Structures are given as structure tokens and as C-alpha cells.
Amino acid sequence: MYRIRPVANGSSTDHPIPGLPFINDGRLPLDNPDAIERTGRRQGEGLWGRTDETEGDGWVAFTTEPKNRSFAWAVFHHPPHGRTVLLIRDDDQSSLHHVWKYGGSGFLHRHGGYWWDGEHWHRPGQVQDAAFERYDPRPVSEPMTVTAADLLVCGGNPEAADIMKIASFTAREGVSNWADHLALWAQLRASQPGQLPLESCVVDLRAPELERGLLVDRAGLAEVAGISIDDVPDPQYGRRDLPEPQYEAEGVLWWSVPVAQDWAEDYRRYNGPAALLSTTTVGGRPQPLGRVADHNQLRDIFHGTLTEQHTAAGKKRRPYLKEDLAYGAAEDLAADAAGRLMYGHNQGLVPHGLLRDVLVDSIIGRLAEDVEARAGKGKSPNEIILSDMPRAAIELLTWYIKRRPNETAYILGDICLVARSRLGLHPAKIGRLFRRSFSLDSDLDGKTVEALLDMALPPSARDYRTQF
């Protein structure tokens, strides 16, 4: 949602977005989601509509605006919290539909993705929890919900505002006298029966972490993550890999510190294992530990072959190459061979994708055996004591992630997901089992194991100290 920028509030919305104008939505059948869908669906080229039920007896509905096809209406009916009516760009319909229907991040979004679920405010979804296939919800510290009633205490002049018409509407940055527009919106509501009280109309969020003077820029984002600013994506080349800013001015993006910390946590999950499990080759280039080990072993083998003396017909033959030349040739051959061992997903000498799948299945198979063997004793999956993961599987998993460390989070996440969804095992239980099994059977030292799993396990699997 926070990547989608609404362009206006519907005049019938219960939760207006600050700064945006109000558009007359009187033509919309706001109490009939099927009728909203039919307004645009199959009504001609370039028109689209959709409606779906949501949890808690709510619904969402969308339609292209026939009189101004660059825009679309988006309506979220969420009992007991009223409804949200937004005007969005028509190209954003499917994206907002997915967020509202499946995103699990509330229905009100402010300040670059801070979201409200009807009870609590959360920070923008940044930290992926693969075990639940969602972003880990992170509550805002000391939030204060700002309602329309709160803002209208300061007044506003309805006569200085207007409700715009959709046919002539063109998106603009916003309105400067928004307090006047809010007052006009409230005045119109007062003449309509059954409206949500202004004290229940949520407009904004205030929190200490959102204070303008505490926000950090791109350099601050790098400092929080402990990386070079050159490793932080440059927004001029796209913002997909950056969190949505809480504030933007003159081309500079600003983030709250908690959002920066969440971004850094997720950055480390997918980039940290490569730094942790790396060393340098003779040429000084950082490479995965496993690849360097393969390279060094192959180099010694090739060097021995290139310098070995052979005997034929009772006579000794010279080595293939002299020492310096042999060492250089062995180094080059080893680099090529080690690269081929690691090449591609399944195109190299070792089919890493197939190996990964069999490895994951073997661990899930052992977990399934434990659950099945102990389920007959009347214990739930999370009450049983799991056996250690197979030693061969842990040794092979260690071998694998030494060579493909960037896949660590994905493998651990897949195992936690399947164990939860298929076997009913909480990710925290699997996280604790990983720590025990790695400490027993991996050749990584204990400090490295802890650092690796702290980075790469899903958030729900890291709470092993307080669960189970």
C-alpha cells in the first residue's frame, strides 16, 4: 500500500488522508460492492472493476472511473470502523486490491506505510517472515491516533474549500488549506444520518519516532545498517529496494530510525551470510568459504600433477612445467574449476538446485517422523521433543551454505514454512532445533553459528529463548 499514492479522498470516506483534496463520490453505490464492480467491469475497453469479501464481514471494491479513466475508485468497508473511499490512479487498482485483500497490513496507511488494523499502529512491513509468508508486524512505540474531531478543534473555514468533481479532476500535489477542506467534509457529514462519529474517524498518526528532527537520510540509513553508503540503493535509479520515506523534501528521502533498523535487519538477512561466510583468494577477492576451499584443494591437486616426474622405459621424464609456471597454471585451472563447481543453479558440475530440494526434504522427513511417532501419545506437535536433525543433513547443509551463503535465509525459511504449515510445528521450535543441531554437527564454530542464525532465521523462528 505504501508504494501506492492515493490522489484524493472520496467525499464519503470516514478516514481522510491529510493534504489530499476531496472528490464528490455521490455517483458511487457505496453500499453495494457488486454495483461498484459492475460500474467498470466488462463495460468497455480500458475499464475494470473488482470486489471481494475480507475477514470480519468486510469487503473491498474497485472500479475505473468512466468519466475520467486515468483514475479509479477504491472502497474498503471495514465494520465496525466505517469505510475508506480513495481515488487512485487506474494503474494501481490491482496492486491496492492485493494489499487490501491479502497484504495483512491493515486498511489505513500513513507516513510511508505506517498502518492501522483498527486497534494498533504498526511500522511499514520491512522484515520478511518466510515461515508465515508475510512481513513481521512491528508495533509503533507510543503511538497517538489523531481523529477528525481532534483536528477540527482548531476550526477551519468551510467556505474557503470545495468538493471537486471527478470529470475535470487532475492529480496535483495536494491542498495547502487542508483544514478548511476537512471542515467542509465534516459539515457535509453532519447533514447525513448514520455517519461514523468524528471521534472515530482516523486521520493521522503521531509518534516520537516520526518527529522530523529525528529522521535519518540515506547516509543515516547506511550508518544504521553498518554498511557503506555506496551499498545503499541510490533512489535516482529506483526505490524498490529502499523503504518508502516518512518525509521527502527537495529530492532527499528521510526515514524514521525504527524503519531504518527494520530495513537494516532485512538487508542483513539476505546479504549478511555472504559477508560472514567469506574469505579472500590469493588475488585478494572475497569469495564464499566453500569456494575458496575448493579452489585451494584443486590448486594443490593441479600443481602436483603439473610438477610430478614420470618414469617411462626406465627413464625419468621431466615435470610438465617448472615450479613458477606450474603454480601459475594450477592457480588459473583451480579458479576455473572451482567456478564450474559453483556455476548456475543446475547447470554446473554440481546440480545445486536439486541438491537443495533433496536436502530440505530430508530434514522435513525427519521432522515428520518425529511428529508421527509421538502424536499417538496425546501430545500436540509443539509439545513433543524433536530429535536432532540428521547429522548428514546438517553437514551437507553446512557444505551448501558455505558455497551459496546468499541462499541461507531462503533455505531456513522454506524449512520453517513447511514445518509450520504441514506439520504444525511453530517456527520458534524449529529455530531452537537448528541451533542445537548446528552446534553438534556443523564444522562452523559456535560464534559463527549464532551470528548466522540470528541473521538468517525468520523473525518468528528467532524467539526460541522465550518459547517452547
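The shown structure was predicted, so the numbers you read here are calculated from the model rather than taken from an experiment.
Under the 4.5 Å side-chain criterion, counting only non-hydrogen atoms from C-beta, P124 is in contact with Q246. Residues D31 and R83 form a side-chain contact, since some pair of their non-hydrogen atoms from C-beta on lies under 4.5 Å apart. A 4.5 Å side-chain heavy-atom check between I227 and V232 finds at least one atom pair inside the cut-off. Here the side chains of F169 and V7 are in contact, with some heavy-atom distance below 4.5 Å. Looking only at side-chain heavy atoms (C-beta outward), L30 and V85 come within less than 4.5 Å of each other. Residues D52 and W100 are not in side-chain contact: their nearest non-hydrogen atoms beyond the backbone lie 4.5 Å or more apart. In this structure, the side chains of R462 and P459 come closer than 4.5 Å at one or more pairs of heavy atoms. Taking the side chain as every heavy atom from C-beta outward, I363 and R366 never approach each other to under 4.5 Å.
The minimum heavy-atom distance linking I17 with N9 is given by the pair N-OD1, 2.8 Å. Closest of all the heavy-atom pairs between F434 and L397 is CE2-CD2, 4.1 Å. In terms of heavy atoms, L86 sits closest to P6 at CD1-CG, 4.0 Å. Residues P273 and T408 approach most closely at CB-OG1, 3.9 Å, considering heavy atoms. Pairing each heavy atom of D57 with each of H77, the nearest pair is O-CD2, 4.5 Å. The two residues P233 and R218 have their closest heavy-atom pair at O-NE, 3.2 Å.
With hydrogens and angles ignored, the 3.5 Å screen pairs no side-chain donor or acceptor of D92 with any backbone N or O of S95. The closest donor-acceptor contact from the side chain of R41 to the backbone of L47 lies at 3.5 Å or more, if one exists at all. Between the side chain of N406 and the main chain of N271, no donor-acceptor pair closer than 3.5 Å is present. A distance-only check finds no donor-acceptor pair linking the side chain of T448 to the backbone of L444 [under 3.5 Å]. A donor-acceptor contact shorter than 3.5 Å links the side chain of K101 to the backbone of E53. Checked by atom type and distance alone, the side chain of K429 pairs as donor or acceptor with a backbone atom of I384 at under 3.5 Å. At distances below 3.5 Å, not a single donor-acceptor pair connects side-chain atoms of D162 with backbone N or O atoms of M164. No donor-acceptor distance shorter than 3.5 angstrom exists from the side chain of D357 to the backbone of L354, with no hydrogens or angles considered. Proximity of a side-chain donor or acceptor of T398 to a complementary backbone N or O of I394 within less than 3.5 Å is detected. Under the 3.5 Å distance criterion, the side-chain polar atoms of W59 are left unmatched by any main-chain donor or acceptor of P33.
Annotation: R422, atom CZ; neighbour count of heavy atoms from other residues, nucleotides and ligands within 6.0 Å does not exceed 12.
Just one residue in the list H111, H81, H122 forms a ring pair (Phe, Tyr, Trp, His ring centres under 6.0 Å) with W116, and that residue is H81. Test R269, R138, R268 against D262 for salt bridge (charged side-chain N to carboxylate O under 4.0 Å, His left out) and you get one pass: R138.
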Practice item. Take R404 and E407 through the test salt bridge (charged side-chain N to carboxylate O under 4.0 Å, His left out) and record every step on the way to the result. Key: CA-CA 6 Å; R404 306 189 79 88; E407 294 186 29; 2.7 Å; yes
Check your understanding: Where do Y410 and Y270 land on the side chain to side chain contact (heavy atoms under 4.5 Å, CB included) test, with the steps shown first?
Key -> CA-CA 8 Å; Y410 297 102; Y270 297 103; 3.7 Å; yes
**Study point:** Intermediate values then yes/no, ring-ring contact (aromatic ring centres under 6.0 Å, His included), H109 and W115
**Key:** CA-CA 4 Å; H109 301 78; W115 56 276; 7.2 Å; no
Exercise for review: Evaluate the side-chain hydrogen bond (donor to acceptor under 3.5 Å, both in side chains) criterion for residues D231 and S228: first the C-alpha distance (whole Å), next the side-chain angles of each, then the deciding distance (0.1 Å), finally the verdict.
Suggested key: CA-CA 5 Å; D231 292 326; S228 165; 4.7 Å; no
Point to revise | Test log, rule side chain to side chain contact (heavy atoms under 4.5 Å, CB included), inputs L412 and I430 | key: CA-CA 9 Å; L412 301 186; I430 303 303; over 6 Å; no
Exercise for review: Let me see the working for S70 and D90 under side-chain hydrogen bond (donor to acceptor under 3.5 Å, both in side chains), right down to the final yes or no.
Suggested key: CA-CA 5 Å; S70 296; D90 190 57; over 6 Å; no
Exercise for review: Before giving the answer on side-chain hydrogen bond (donor to acceptor under 3.5 Å, both in side chains), spell out for T63 and T39 the whole-Å C-alpha distance, their side-chain angles and the decisive distance to 0.1 Å.
Suggested key: CA-CA 6 Å; T63 181; T39 301; 4.6 Å; no
Practice item. Go through the steps to decide whether I166 and D25 satisfy the test side chain to side chain contact (heavy atoms under 4.5 Å, CB included), and finish with yes or no. Key: CA-CA 8 Å; I166 185 61; D25 58 20; over 6 Å; no
Practice item. Determine, step by step, whether L96 and I88 satisfy the side chain to side chain contact (heavy atoms under 4.5 Å, CB included) criterion, reporting the C-alpha distance in whole Å, the side-chain angles of both residues, the deciding distance to 0.1 Å, and the verdict. Key: CA-CA 9 Å; L96 182 53; I88 61 175; 3.9 Å; yes
**Study point:** salt bridge (charged side-chain N to carboxylate O under 4.0 Å, His left out) between D14 and R189, intermediate numbers included
**Key:** CA-CA 9 Å; D14 289 322; R189 291 172 63 85; 2.8 Å; yes
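For the residue pair Q93 and T64, a side-chain donor N or O sits within less than 3.5 Å of a side-chain acceptor on the partner. A donor-acceptor pair shorter than 3.5 Å can be found between the side chains of E65 and W73. D234 and Q236 form a side-chain donor-acceptor contact under 3.5 Å, judged by distance and modelled atom types alone. T54 and H78 share no side-chain donor-acceptor pair at under 3.5 Å.
Ring geometry for F22 versus W185: interplanar angle under 30°, hence parallel rather than tilted (30 to 60°). Ring geometry for H97 against Y102 counts as perpendicular: the plane angle is over 60°, on a 0 to 90° scale with 30° as the lower cut. Aromatic ring orientation, W48 versus F62: tilted (interplanar angle from 30° to 60°).
Cation-pi contact between R123 and Y114: absent, since separation from the ring centre below 6.0 Å together with deviation from the ring axis within 45° is not met. Taking the ring centre of F71 as origin, the terminal cationic atom of R89 falls outside the region bounded by 6.0 Å and 45° from the ring axis.
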